[in-house]
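Letters A, B, ... are given to chains in the order of the sequence lines, protein chains preceding strands, and every chain is numbered from 1. Since the structure is predicted, the reported quantities are computational estimates derived from the model, not experimental observations. When reading the values below, keep in mind they use all heavy atoms of this one structure, side chains included, and skip hydrogens, waters and symmetry mates.
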Protein chains: 2
Amino acid sequence: MLHDPAQLDLMFQALADPARRQMVDRLSRGPASVSQLAEPLAMSLSAVVQHLNLLEASGLVRTQKVGRVRTCQIEPKALRAAEHWINERRLVWERRLDRLGDFLAETKDKS
Amino acid sequence: MLHDPAQLDLMFQALADPARRQMVDRLSRGPASVSQLAEPLAMSLSAVVQHLNLLEASGLVRTQKVGRVRTCQIEPKALRAAEHWINERRLVWERRLDRLGDFLAETKDKS
DNA sequence: TTGACACTGAAGCATTTACTTAACTATTGC
DNA sequence: GCAATAGTTAAGTAAATGCTTCAGTGTCAA
């Protein structure tokens, strides 16, 4: 379910926005309420809630409401999925380059 | 220069689109021309060029034109930068959880 | 040199995004 | 109870995005 392309789509889209990345950054240092998340951002609380909803839909952030405060925290599994996608592609490419290097070295030896 | 926030912004934004991720995926398996990139995509060549320009501006893809064909390839350094951003945040969070776990285990011992 | 090929660029258009404000609900502390 | 707090929801809007089509520009091959 974590490698579901639709979910991956939501995650990368969520990470595409600077404000949302700032929120993720803040949350990486520990849980926070909606207002705490909003504090450093130059936008209305409402806008922050909308960003937060996206982050939650993407699976990157999990929240729970106790009383009137909603506490947010990072979901490292989701982060790992995005990380994994990138890593995979990079490795495929780099292995390719290695093989190419080996091939060139070999043909050079034989010349 | 790779951790320049503006560049990071462009990279995540570039990765947010499914078509562009598909292009990166294709390129991870080896270089390709614009038409080759376009082939599996259900959109005009022109649209593909526009996506490609974004990918190039983000630093994720490098291209060079020889004669009339533009050959594209992945820039693994850029991929690594995006990967690194995510990894960093995830690790900070997970280290936090570990410390919290240690703390809880300790206080439990003392009870 | 002529026609096909591989793009490129500009203009236009529909949709989505990132906000805003304003009105509202549910908790909490006094 | 009542005001302040914390968040939610809806509606509206301006700008950005992801396309399209069409009219090019070079390059190559016969």
Side-chain angles (χ1 to χ4, degrees), chain A residues 5-27 30-75 82, chain B residues 5-27 30-75 82:
Chain A
Q7 196 70 11
L8 211 57
D9 228 70
L10 289 175
M11 283 193 288
F12 276 113
Q13 201 151 63
L15 289 173
D17 187 89
R20 286 192 294 264
R21 276 209 312 285
Q22 206 178 323
M23 291 166 75
V24 168
D25 187 42
R26 165 64 187 80
L27 288 176
S33 69
V34 177
S35 330
Q36 284 174 327
L37 277 182
E39 199 259 326
L41 298 171
M43 66 181 72
S44 73
L45 187 64
S46 184
V48 171
V49 170
Q50 289 171 60
H51 281 305
L52 184 56
N53 289 340
L54 251 178
L55 282 170
E56 197 168 15
S58 80
L60 285 167
V61 165
R62 202 153 34 91
T63 78
Q64 56 185 337
K65 198 156 183 175
V66 176
R68 61 185 165 176
V69 359
R70 181 159 154 213
T71 306
C72 316
Q73 51 176 254
I74 274 194
E75 185 55 73
Chain B
Q7 197 69 10
L8 211 56
D9 229 69
L10 289 175
M11 282 192 288
F12 277 113
Q13 200 150 59
L15 289 173
D17 187 87
R20 284 192 295 264
R21 277 209 310 287
Q22 205 178 324
M23 291 167 75
V24 168
D25 188 41
R26 167 64 188 81
L27 288 177
S33 70
V34 176
S35 330
Q36 284 174 326
L37 277 182
E39 198 260 326
L41 298 172
M43 66 180 72
S44 72
L45 187 63
S46 186
V48 172
V49 170
Q50 291 171 59
H51 281 305
L52 184 56
N53 289 340
L54 251 177
L55 283 170
E56 196 168 16
S58 79
L60 285 166
V61 165
R62 202 153 31 93
T63 79
Q64 55 186 338
K65 197 155 185 176
V66 176
R68 60 184 166 178
V69 358
R70 179 158 155 213
T71 305
C72 317
Q73 51 175 256
I74 275 195
E75 186 54 72

Distance (rounded to the nearest 0.5 Å) between B:R20 CZ and B:Q13 CD: 7.5 Å
Under 3.5 Å: donor-acceptor pair, side chain of B:Q7, backbone of B:S58: yes
First encountered from the 5' end of DNA chain D, between A:Q13 and A:V34: A:V34
Nearest-nucleotide 5' precedence on DNA chain C, A:D17 against A:G67: A:D17
Stepwise side-chain contact (heavy atoms from CB on, under 4.5 Å) test for B:M23 and B:L41: CA-CA 9 Å; B:M23 291 167 75; B:L41 298 172; 3.8 Å; yes
Touch class at under 4.0 angstrom, heavy-atom based, for A:Q36 against every strand present: nothing
Rounded to whole angstrom units, what separation is found between the [atom1] atom of [X] and the [atom2] atom of [N]?
X     : N      : atom1 : atom2 : value
B:M23 : D:dC19 : CE    : C1'   : 14 Å
A:L45 : D:dT9  : CG    : C1'   : 12 Å
B:E56 : C:dT8  : CD    : P     : 9 Å
B:Q64 : C:dA6  : CD    : P     : 18 Å
A:L52 : D:dT9  : CG    : P     : 12 Å
B:R70 : D:dT27 : CZ    : C1'   : 16 Å
B:L41 : D:dG18 : CG    : P     : 13 Å
B:L55 : D:dG18 : CG    : C1'   : 14 Å

Difference in axis direction between the ends of the helix from C:dT1-D:dA30 to C:dC30-D:dG1, five pairs, 10°: 30°
Charged N-O contact under 4.0 Å between B:R26 and B:E39: no
Derivation and outcome, side-chain contact (heavy atoms from CB on, under 4.5 Å), residues A:E56 and A:R70: CA-CA 12 Å; A:E56 197 168 15; A:R70 181 159 154 213; 2.9 Å; yes
Can you name the closest pair of heavy atoms from [X] and [Y] and give their distance?
X     : Y     : answer
A:D9  : A:A6  : CB-O, 3.1 Å
A:L15 : A:A82 : CD1-CB, 4.4 Å
B:E75 : B:G59 : CB-O, 3.2 Å

Out of D:dC19, D:dT8, C:dC7, whichever nucleotide has its closest atom nearest the side chain of A:K65: D:dT8
Shortest side-chain distance from A:M43, nucleotide among C:dC7, C:dC19, D:dT8: C:dC19
Are any protein N/O atoms closer than 3.5 Å to N/O atoms in nucleotides 9-13 of chain C? If there are, list each pair with its distance.
from   : atom 1 : to    : atom 2 : distance (Å)
C:dG9  : O6     : B:S46 : OG     : 2.9
C:dA10 : N6     : B:S46 : OG     : 3.4

Taking 4.0 Å as the cut-off, does a side-chain nitrogen or oxygen of [X] come that near to OP1 or OP2 on [N]?
X     : N      : result
B:H51 : D:dT17 : no
A:R68 : D:dA4  : no
A:S44 : C:dT20 : yes
A:R20 : C:dA18 : yes

Verdict with supporting geometry, B:L8 and B:M11, side-chain contact (heavy atoms from CB on, under 4.5 Å): CA-CA 5 Å; B:L8 211 56; B:M11 282 192 288; 3.5 Å; yes
Side chain to side chain contact (heavy atoms under 4.5 Å, CB included) partner of B:P31, chosen from B:I74, B:T71, B:T63: B:T71
